[in-house]
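In what follows, a single structure is set out as structure tokens and then discussed.
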Protein chains: 2
Amino acid sequence: MARPERKTVRDVRKGNRGMLLRTLYFGGPRSRHELTGLTGLSAATISTMTGDLLSEKILMEAGQVESDGGRPRVLLRVNPGYAHVIGVDVAETHVRVELFDLEMTEKARVDYTLRPSHHDIELVARRILAGIDVVLADGQVTAEQVLGVGIGVPGIVERGADTLIHAKTFGWDGVPLGALMRAGTSLPVFIDNGAKTMGQAELWFGAGRGADHAVIVLIGSGVGATVVADGLAVRGTSNSAGEWGHTKIEMSGRLCRCGSRGCLEAYIGAEGLLARAGVPAQTTDWPSALGRVLEAGGDVVQETVTYLGTGLANLINMLNPERILIGGWAGLMIGERHLDEIRVVVGENSLTQPYNATSIVLGELGPDAVAMGAATLVLEEFLDTSAPLRLHAAS
Amino acid sequence: MARPERKTVRDVRKGNRGMLLRTLYFGGPRSRHELTGLTGLSAATISTMTGDLLSEKILMEAGQVESDGGRPRVLLRVNPGYAHVIGVDVAETHVRVELFDLEMTEKARVDYTLRPSHHDIELVARRILAGIDVVLADGQVTAEQVLGVGIGVPGIVERGADTLIHAKTFGWDGVPLGALMRAGTSLPVFIDNGAKTMGQAELWFGAGRGADHAVIVLIGSGVGATVVADGLAVRGTSNSAGEWGHTKIEMSGRLCRCGSRGCLEAYIGAEGLLARAGVPAQTTDWPSALGRVLEAGGDVVQETVTYLGTGLANLINMLNPERILIGGWAGLMIGERHLDEIRVVVGENSLTQPYNATSIVLGELGPDAVAMGAATLVLEEFLDTSAPLRLHAAS
DNA sequence: GCCGTTTCGTTTACGCATTGAACTAACATG
DNA sequence: CATGTTAGTTCAATGCGTAAACGAAACGGC
């Protein structure tokens, strides 16, 4: 049972301020008057609060709107230049560092190629730190103007006193990326699984906008999912919820790379799918190989649709989301060609009531949203606390 | 994205008061001094707040504890007689109404037998209303002393302006039980799916106590689950989350009574399990039949263990709970005999990290906890708001 | 029996939050 | 220029939690 924290009058302010900020962030420019309706706060409170936020330069004015026969409304908006956030995508083949302003407009980016099986954690950490310096220089932003760094990594991210990462494919077994980052930068660091950061990006800025209950599935060579309940990502007790790929969907099915049998990933993951279609294991350009397989069609593709639809149907029955997003490079390729068939399979395999409450759509942000989603972790913290800048410099 | 509500200073009080009440409810009798530590509130606040609660008779003193060399501590506790709650279990064969005091001690109960296929909603509503009168009389409690009535029903409970219930097996398709109850009583009414109320009971008073992330699976003739994330039940967008039974676990498996193939319920639900074991369909005493099947052992039982374990493994991968509870009359019968084997299967089919974070245990409350869990819905409301009594009489 | 000590609990002055109501600002219209 | 209308601000009132001072109730030693 989650016990609530002790609250004091100042928490009221913090909460209301965060709500106002979120309203303005997602609800476009608004006048103070409109904000009273949108937030439920009194005009007096809106006035003092916007006054604070304006003088802190978190908000800015954004023109006027004449109202017939009265004082014109002054529009307010979040100041996109108030601060910046950095997002990092650590993938099998590259490390990408991106700089965004508060509105998630990309200001600079840098890519580092990783040689396969050269995933030494120290090397990766050095790349990230170097990348931060590069994007700051390219974007002409100082570290003081940055709220923090979000990092999306593969594998399981164990959040404790020290953030530890377990990623079999990288040979990472409890590597302390958090500590390594803190040793190299004073910026606040947020680390999470890459599939989850991508889910976060879709939820905030992509096809998941506004959904309180959603599942974002990510199909690449592996398969994962982000479960959103009541507007928040479900993390589970050790932050490893969302391992959808190794759901058994066939009791004595195909051998999966995890060593088990009948995993969903062995059927719909790109690796398993290509193997089933007879694509040679040494193929390197998986996306084009997958494209050819999908164009050719046939039983393997039909089966894939069936397995994917059935897997999604299971999610709908269990979690009753209002929206399901299909993402990841392979997921998008399959979805673009077969979304309608997938919907049919889902309908056949889920209960009527929850099925009718769900819409199944493709992700909007493409496979590159991992870094953006990671940066979103920082943004989320900012919108919740609206912590003043340079707090991190002090600590 | 769940947007938080506007907050005012009075919400602070409400929240802190609720926290104090919960602390005392679950944390046994405590002195004011201990409460400062447990709640994080200052001694001053504890003093004024306990003063209020004592004069409202929500709390009562519970003796003293001498402390070596100082003023003795006065222990405070929730007054179990302050108010009562009523729980109702609407099942296929009976309607049960139970009266509890605030500490969930049963004060009275009444059972009405329902003839099979006589599930007319009007009849059920009359039985419930009659039952309320009976338990109030038996328990010598007036309606003014009752905080509300919780009702656990089969099927999907659609929460809207009017609570509608969809239960195929009862022939209920959108029946307005909420409205019928309001027509017959002025008590506040809370309705939810019976599997969920049982899950709620286990979470609050059974083997789920203290778990923030849990899954409570209910195996009877059907199969359902309650998912708890961050201490709250996951309801989904139309309150129908938790339909675990119709998860496809074998693509072309056994025909399920839902019309689909390969549902988990077709293997581990009592009906499916008995059918697989060759028990004649006209058997009426399912529990003893299941007992004989389980005693006899053999392939069917082994398969059942495998299917159940695999299903649980899927839940662990997806949701990363800290605890899994197996409940329901059939679940308890299977679990009592085969829990260790189930654990082994789960271990073989789930990822190491989340598996190690999970303990798998049996439910503690037995199959009769539906009414208790329903009553818990009322209790939850009370602890959150500590709304004064007789509010319902006014409305 | 008295007094200092220890621990528990209460009272009071204060800071900070929202709010309603009164007030000021900025426009259009005639 | 007066009037009406809408937008935004200021201020006294009220409520809350806290720290610090204060009061209460025991014990132990003499």
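To find a chain, count down the sequence lines: A is the first, B the second, and so on, and within it residues start at 1.
Following rounding to the nearest Å, A:Lys7 (NZ) and D:dT18 (C1') show an atom-to-atom distance of 17 Å. The nearest whole Å value for the distance from the CG atom in B:Asp52 to the P atom in D:dG15 is 13 Å. Here D:dT9 presents its C1' atom at 10 Å from CZ of A:Arg32, a figure rounded to the nearest Å. Put simply, CD on A:Glu61 is 13 Å from C1' on D:dA7, counting in whole angstrom units.
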Exercise. Where along nucleotides 25-30 of chain D does protein come under 4.0 Å, by heavy atom, of base (B) or sugar-phosphate alone (S), with - for untouched nucleotides?
Worked result: BBS---
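Applying the salt bridge (Lys or Arg N to Asp or Glu O under 4.0 Å) definition to pairs two or more places apart or across chains, those involving residues 23-38 of chain A are A:Arg30-A:Glu34. Evaluation of the salt bridge (Lys or Arg N to Asp or Glu O under 4.0 Å) test over residues 77-86 of chain A, restricted to residues two or more places apart or in two chains, returns A:Arg77-A:Glu103.
Listed by chain and number, the residues in a side chain to side chain donor-acceptor pair (under 3.5 Å) with B:Arg10 amount to none (sequence neighbours excluded). Not counting sequence neighbours, B:Thr8 has no partner by the side chain to side chain donor-acceptor pair (under 3.5 Å) test. With sequence neighbours excluded, the residues that form a side chain to side chain donor-acceptor pair (under 3.5 Å) with B:Asp162 are B:Arg182. A:Ser47 is linked by a side chain to side chain contact (heavy atoms under 4.5 Å, CB included) to nothing, counting only residues two or more places apart in sequence or in another chain. A:Thr39 pairs by the side chain to side chain contact (heavy atoms under 4.5 Å, CB included) definition with A:Met19, A:Thr23, A:Leu41, A:Ile46, not counting sequence neighbours. In this structure, the side chain to side chain donor-acceptor pair (under 3.5 Å) partners of A:Ser42, at least two apart in sequence or on a different chain, are A:Thr45. Qualifying salt bridge (charged side-chain N to carboxylate O under 4.0 Å, His left out) partners for B:Glu61, counting only residues two or more places apart in sequence or in other chains: none.
Projected onto DNA chain D by closest heavy-atom contact, A:Thr8 and A:Leu75 fall at different nucleotides, the more 5' of which corresponds to A:Leu75.
Residues from residues 34-49 of chain B lying near DNA chain C, meaning a heavy-atom separation below 4.0 Å, are B:Ala43, B:Ala44, B:Ser47 in numerical order.
In summary, contact between chain A and DNA chain C, defined as any nucleotide atom under 4.0 Å from a heavy atom of the protein, begins and ends at C:dG15 to C:dA28 in the 5' to 3' direction.
Among the protein residues, B:Val9 comes within range of the nucleic acid bases, having at least one heavy atom under 4.0 Å from a base atom.
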Problem set entry | Verdict with reasoning, B:Asn320 to A:Ser238, per side-chain hydrogen bond (donor to acceptor under 3.5 Å, both in side chains) | CA-CA 7 Å; B:Asn320 183 212; A:Ser238 52; 3.2 Å; yes
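In this pair, B:Trp204 and B:Phe26 present their aromatic rings perpendicular. The plane angle is above 60°, beyond the 30 to 60° band.
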